[in-house]
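Step one of this worksheet: look at the structure below.
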Number of protein chains: 2
Amino acid sequence: MRDTSGVTRESAAERHAISADLIAVLVAAPNGNPVVLTVKDGSALPSGPFELIHRSLQSGLRNWVEQQTGHPVGYIEQLYTFADRDRSSDEPAGRVISISYLGLTREEPSHRTPPGSWRNWYEFFPWEDHREGAPEIIGDIIVPRLRQWADEAEQQDERQNRLRRAAGAFGFDDRHWNEEMVLQRYELLYEAGLVEEAVRARGAKVAATVPGRAMTGDHRRILATGIGRLRTKIKYRPVVFELMQPSFTLLQLQRAVEALAGVTVHKQNFRRLIEQQDLVEETGEMSADTGGRPAKLFRFRHSVLDDRPAAGTK
Amino acid sequence: MRDTSGVTRESAAERHAISADLIAVLVAAPNGNPVVLTVKDGSALPSGPFELIHRSLQSGLRNWVEQQTGHPVGYIEQLYTFADRDRSSDEPAGRVISISYLGLTREEPSHRTPPGSWRNWYEFFPWEDHREGAPEIIGDIIVPRLRQWADEAEQQDERQNRLRRAAGAFGFDDRHWNEEMVLQRYELLYEAGLVEEAVRARGAKVAATVPGRAMTGDHRRILATGIGRLRTKIKYRPVVFELMQPSFTLLQLQRAVEALAGVTVHKQNFRRLIEQQDLVEETGEMSADTGGRPAKLFRFRHSVLDDRPAAGTK
DNA sequence: CTTATTATACTCAACTAGAGCATAATAAGG
DNA sequence: CCTTATTATGCTCTAGTTGAGTATAATAAG
């Protein structure tokens, strides 16, 4: 605390041996497909240096994302800032501060984003998609390996502790699956040495990793943070609409929510919730291509935002 | 996005014209008094440069807070990172990135913190304390001035919009008071030119400001962010316990929650909630100095943290 | 005209949250 | 001792919310 202590400031040179990077988790959900913008053949999140020209961090991010994708970003939210020493091994002299953001965009790909840039995010987290029940890799691969990892602990306490954490995160041993714990699950796997990033960082231990595409540095951790945040947010803020076309059927809306949350919801209750909260209004048109009875088309009631405490889509 | 675009990196010199500051909102609640650690006679939050020695941002913060206060910080959470150009007018050449944290500590002041360092946070936000009903300044001063501000808008739309936002934030015109909207309220007052910081930044407009102590730069905004975050958090995570002594009565616990939230809660329901969630266990001892019937003493059940999804004190 | 598929309306039971009533246990003042 | 004030603690009632199911409507495909 420079204000209370007698600690002197470091020299300007030392103080300035710092740079900042902006990292984006940019999400879209065309036809209920949860996708994230990637670079380098899906192995990294888009990132760029924070430049002096930018008015603020957020406007800097917004600028270059829109420049790159050609689409407006509706909703932007800061995720996390870190500067861990072991994360930025590429710049031993100075220090990189990484500031990550979550952004939601309505449109998918334009000609400006090379094909393959948008990836279904469950490629990176195959254990997170429970829309058709718990994925088999959880029971077949993840749980056994986590049990093994728990057994490897020296202390009895620690064994139980590991097991409890694993069961809580992955919902086994009569615990429930909580779709919001994306980050905790990833970190648990990391700690257990079951993801490639952990093997990479700790060298040695070429333990058999669990399925799921790895990313550069800790980009996959950042992605996990973004997905987790989004899954929490949709329950109390109407952010899904940032991902929807101007008009949509209630089922399309539901599919988008399910894509993000990775779980299915009770159709009738979903509709009840959306309607009783006045989140949408009918456009008057109908959609014929439902494959069954035609559905009413709705639009988001933008005015709810300045209305009541505003709910989400729990 | 340096990875997708052809944009070249700036020179190292330019890239490094950046420094980082850590700012702390450090909270305690001795006998149900919500206090925050300040410096410079209550006009600023403690802050310090991020140094290259620090292992990470969080450990850097933890280090110097514990060094300064002499007390361990239980819970630390990142608040927000910003680098707005107009906020750091003191360093026109480079750019300061400010990373703010919320920290909770159990003990109050030690010999290491000068007296007067800990301030009741309602000195800064007198309109936020509704424990004895809505403060008079809201009806007497704030609402009338906000109405006036709304009237000053050129467009009819904008007038209504301002009024709606003000009513939603401050809970008038049959809207309910929502204690979590601390930041929104501060920002509304700022926008309306009713806090000293706004007058300072925009020069001119020596409009009569509203009561409440101002702070340096946007420290008061950061404090508002911290209080708001804490008020949200206590509802779903048992963080209050970080502020309590090892053993406490349920009323003491309730008073702490009320101090933070700025509203009172129904005593019986509060107890029901705490107990049915197994957040606490009896120590077996009783407290005699309650002024009435003696109360059982409780301690926090630390194990709940790895128990169930873990609830808070809503 | 039957089957599959989706849309939409309604019901019911379990649980949660807000509010109040009642009683217990102490201290202080007569 | 007895009354009053104060806090602790147990219990009930009601309204609202949530999860899950039933029933019916409207379309396309065969």
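Defined by atom type and a distance below 3.5 Å, a donor-acceptor pair is present between the side-chain atoms of Glu77(B) and Tyr75(B). Between the side chains of His266(A) and Gln268(A), at least one donor N or O sits under 3.5 Å from an acceptor N or O.
No side-chain heavy atom of Thr249(B) sits less than 4.5 Å from a side-chain heavy atom of Lys296(B).
To the nearest angstrom, C1' of dT18(D) lies 12 Å from CD of Gln277(A). With rounding to whole Å, Tyr236(B) atom OH is found 20 Å from dA17(C) atom C1'. Nucleotide dT18(D) holds its P atom 12 Å from the NZ atom of Lys235(A), rounded to whole Å. Atom P of nucleotide dA8(D) and atom CG of Leu297(B) are separated by 11 Å, given to the nearest angstrom. Residue Leu273(B) contributes atom CG, which lies 9 Å from atom P of dG18(C) at whole-angstrom precision.
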Quiz item: How does DNA chain D read in dot-bracket, base by base from 5' to 3', with Watson-Crick or G-U pairs under 3.5 Å and | used when the partner is on another strand?
Solution: ||||||||||||||||||||||||||||||
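Looking at which nucleotide of DNA chain D each of Gln276(A) and Thr249(B) is closest to, the 5′-most match is held by Thr249(B).
Both tests do not hold together for Arg145(B) against Trp127(B): distance to the six-membered ring centre under 6.0 Å, angle to the ring axis within 45°. For Arg185(A) and Trp177(A), the positive end sits near the middle of the six-membered ring, less than 6.0 Å away and at most 45° from its axis.
Evaluation of the side chain to side chain contact (heavy atoms under 4.5 Å, CB included) rule for Thr232(A) yields Glu180(A), Tyr236(A) as partners, not counting sequence neighbours.
The aromatic rings of Phe248(A) and Phe241(A) sit tilted, their planes meeting at an angle between 30° and 60°.
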Identify each atom pair where a protein N or O and an N or O of nucleotides 9-13 of chain D are less than 3.5 Å apart, giving names and distance.
unit_1, atom_1, unit_2, atom_2, d
dT9(D), OP1, Lys296(B), N, 3.2
dT9(D), OP2, Arg271(B), NH1, 3.2
dT9(D), OP2, Arg271(B), NH2, 2.9
dT9(D), O5', Arg271(B), NH2, 3.1
dG10(D), O6, Gln268(B), NE2, 3.2

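Thr225(B) places no side-chain N or O within 3.5 Å of a backbone atom of Leu79(B) that could act as its donor or acceptor partner.
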